[in-house]
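The structure appears right after this line, and notes come after that.
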Amino acid sequence: MMPANIWVYIDQFQGEALSASWETLGAACELGTGLQSKVVALVFGVNAAAIAGEALARGATAALICDDATLADFRVEAYAALLSGLVAARQPHAVLAPATARARELIATAAIDSETTVMADAIGLAVQDGVVLVTRPVYAGKLLCTASGVGGLPLFVTLRPRAFPKPSQGAVAPADAIERVQPALAEGALRVKVTGYDTVAGQVSLTDASIIVSGGRGVGGPEGFGPVRELANVLGGAMGASRAAVDAGWIAYSHQVGQTGKTVAPDLYVACGISGAIQHQAGMRTSKIIVAINKDREAPIFKLAKYGVVGDLFEVLPALSAEVRRRLGR
Ligand code: FAD
């Protein structure tokens with residue numbers, strides 16, 4: 001008998017799927033092959049049919065969509081009631097979602113409603129003897145833990161953005177692979193109304209960024225982020241920060257990387273004036289290449305860094321930006 005399906009929640013904002021959703025779909029397709037299961041994309045909210053079409057083109061076998069006014073904005077009550085209702089009715093083998101802010105909230109809530117658990121922040125998935133094995137960092141990234149679900153309950157897993165490759169788009173799949181489902185809650189049952197969004201123009205999202213330049217207490221004040229921002233801009237990357245810089249009020253919390261901030265895994269992470277405390281490492285240690293710039297050659301960040309510069313960031317960063325600009329012709 002074919003095992004139950006693997007479901008993938010496609011996180012989207014205002015009709016556009018997040019890149020991490022496609023990475024999750026790619027990982028689900030690998031699992032689907034290993035388990036000989038179908039891979040079903042779940043798309044809720046505006047533009048669901050178009051996003052589902054892209055999911056099919058990227059490897060999903062089928063899609064369940066719900067494009068309803070109650071789901072136009074992400075409201076966890078509405079989304080979780082829909083997801084847990086579908087899980088109860090159709091019993092998938094696993095529900096995968098990207099570890100984005102919205103999807104984490106959704107998966108946690110729906111897992112409680114489904115009386116199952118969540119394996120959060122996976123960086124590896126495998127199938128062994130028909131069992132899904134989930135690898136995730138624990139103890140602030142000091143250890144990797146591999147675990148599997150027991151008890152036959154649907155396995156809920158969130159996947160760390162940028163830890164899995166994104167599948168490319170293939171041929172357009174047949175539209176009859178898309179099934180429409182009804183929302184679980186009517187507007188009257190919802191207690192939250194979204195009144196608007198504030199956008200911070202021109203900023204690259206930290207979790208999606210392939211390059212991040214971060215500043216810590218070593219930048220010395222808000223204006224010290226100037227050279228950090230400059231290098232981030234020249235490289236087309238995002239700007240991160242340590243908690244010390246955030247707590248000092250030099251930069252907004254949305255930039256914080258670490259245990260109590262964002263978890264990132266860019267191709268390049270440049271840590272400037274950051275000592276490399278374990279709580280900071282927890283958010284960035286899976287970055288592919290880490291570069292550290294620090295005055296103190298004993299700073300723990302150098303143990304993690306592939307390249308290190310012992311020096312004053314106010315001298316090193318402008319020189320680095322100038323050289324990158326020259327080489328890239330910017
Ligand atoms: P410091 O440790 O003070 O390091 C500053 C560094 O800058 C030093 O290494 C110094 O040599 C260098 N420096 C100074 N001047 C220059 C210069 N001109 N040029 C070059 N280098 C220079 N921290 C996080 O970052 N993220 C988190 O999410 C987080 N969560 C936490 C959760 C808990 C429960 C706790 C207890 C702590 C958490 N922290 C977190 C705080 C963490 O323990 C550290 O205090 C913090 O990361 C230190 O930030 P920093 O490296 O910028 O500052």
[X] and [Y]: which non-hydrogen atoms are nearest, and at how many Å?
X	Y	result
Ala108	Val118	CA-CG2, 4.2 Å
Arg90	Val181	NH2-CG1, 3.7 Å
Leu71	Phe44	CD1-CB, 4.3 Å
Ile301	Ala292	CG2-CB, 3.7 Å
Val309	Phe302	O-CZ, 3.6 Å
Ser21	Ile10	OG-C, 3.6 Å

Main-chain N/O of [Y] paired with [X] side-chain donor or acceptor, under 3.5 Å:
X	Y	value
Thr116	Pro154	yes
Gln128	Val131	no
Thr33	Cys29	yes
Glu179	Ile65	no
Ser37	Ala4	yes
Arg217	Ala245	no

Is there a path of hydrophobic side-chain contacts, each under 4.5 Å between heavy atoms of I, L, V, M, F, W or Y residues, that connects [X] with [Y]?
X	Y	result
Leu86	Val157	no
Val95	Tyr79	yes
Leu231	Phe225	yes
Phe164	Val132	yes
Val270	Leu304	no

Is there a side-chain contact between [X] and [Y] (heavy atoms, below 4.5 Å)?
X	Y	result
Val8	Val40	no
Val39	Asn5	no
Val76	Glu105	yes
Tyr269	Val257	yes
Pro92	Val87	yes
Leu56	Thr61	no
Leu155	His93	no
Ile6	Lys38	no

Steps toward side chain to side chain contact (heavy atoms under 4.5 Å, CB included) verdict (Val138, Arg136): CA-CA 6 Å; Val138 291; Arg136 48 188 292 265; 3.9 Å; yes
[atom1]/[X]: more than 12 non-hydrogen atoms of other groups inside 6.0 Å:
X	atom1	answer
Glu323	CD	yes
Arg104	CZ	no
Lys142	NZ	no
Glu77	CD	yes

Verdict with reasoning, Glu30 to Leu125, per side chain to side chain contact (heavy atoms under 4.5 Å, CB included): CA-CA 9 Å; Glu30 294 283 321; Leu125 292 173; over 6 Å; no
Chi angles and distances behind the side-chain hydrogen bond (donor to acceptor under 3.5 Å, both in side chains) call for Thr135, Thr146: CA-CA 4 Å; Thr135 300; Thr146 298; 2.9 Å; yes
What's the spacing between [X] [atom1] and [Y] [atom2] if we round to 0.5 Å?
X	Y	atom1	atom2	value
Glu230	Leu317	CD	CG	8.5 Å
Gln182	Leu82	CD	CG	9.5 Å
Met239	Ile212	CE	CD1	11.5 Å
Thr260	Arg243	OG1	CZ	4.5 Å
Phe156	Trp7	CZ	CH2	8.5 Å
Ile293	Leu320	CD1	CG	5.5 Å

Full working for side chain to side chain contact (heavy atoms under 4.5 Å, CB included) between Lys288 and Leu268: CA-CA 6 Å; Lys288 305 212 173 34; Leu268 174 64; over 6 Å; no
Test salt bridge (charged side-chain N to carboxylate O under 4.0 Å, His left out) applied to Asp121 and Lys262, Arg162, Arg160, the passing residue: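 Only one of Lys262, Arg162, Arg160 forms a salt bridge (charged side-chain N to carboxylate O under 4.0 Å, His left out) with Asp121, namely Arg160.
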Criterion side chain to side chain contact (heavy atoms under 4.5 Å, CB included) on Leu153 and Glu115, from CA distance to verdict: CA-CA 8 Å; Leu153 292 165; Glu115 296 185 346; 5.7 Å; no
Arg75 with Glu187: basic N within carboxylate O range, under 4.0 Å: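 Glu187 and Arg75: salt-bridged.
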Check: Phe13 ring centroid to Tyr197 ring centroid under 6.0 Å: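 Yes, they do, as the ring centres are separated by less than 6.0 Å.
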Salt bridge (Lys or Arg N to Asp or Glu O under 4.0 Å) between Arg102 and Asp11, worked out: CA-CA 7 Å; Arg102 277 184 301 270; Asp11 188 24; 3.0 Å; yes
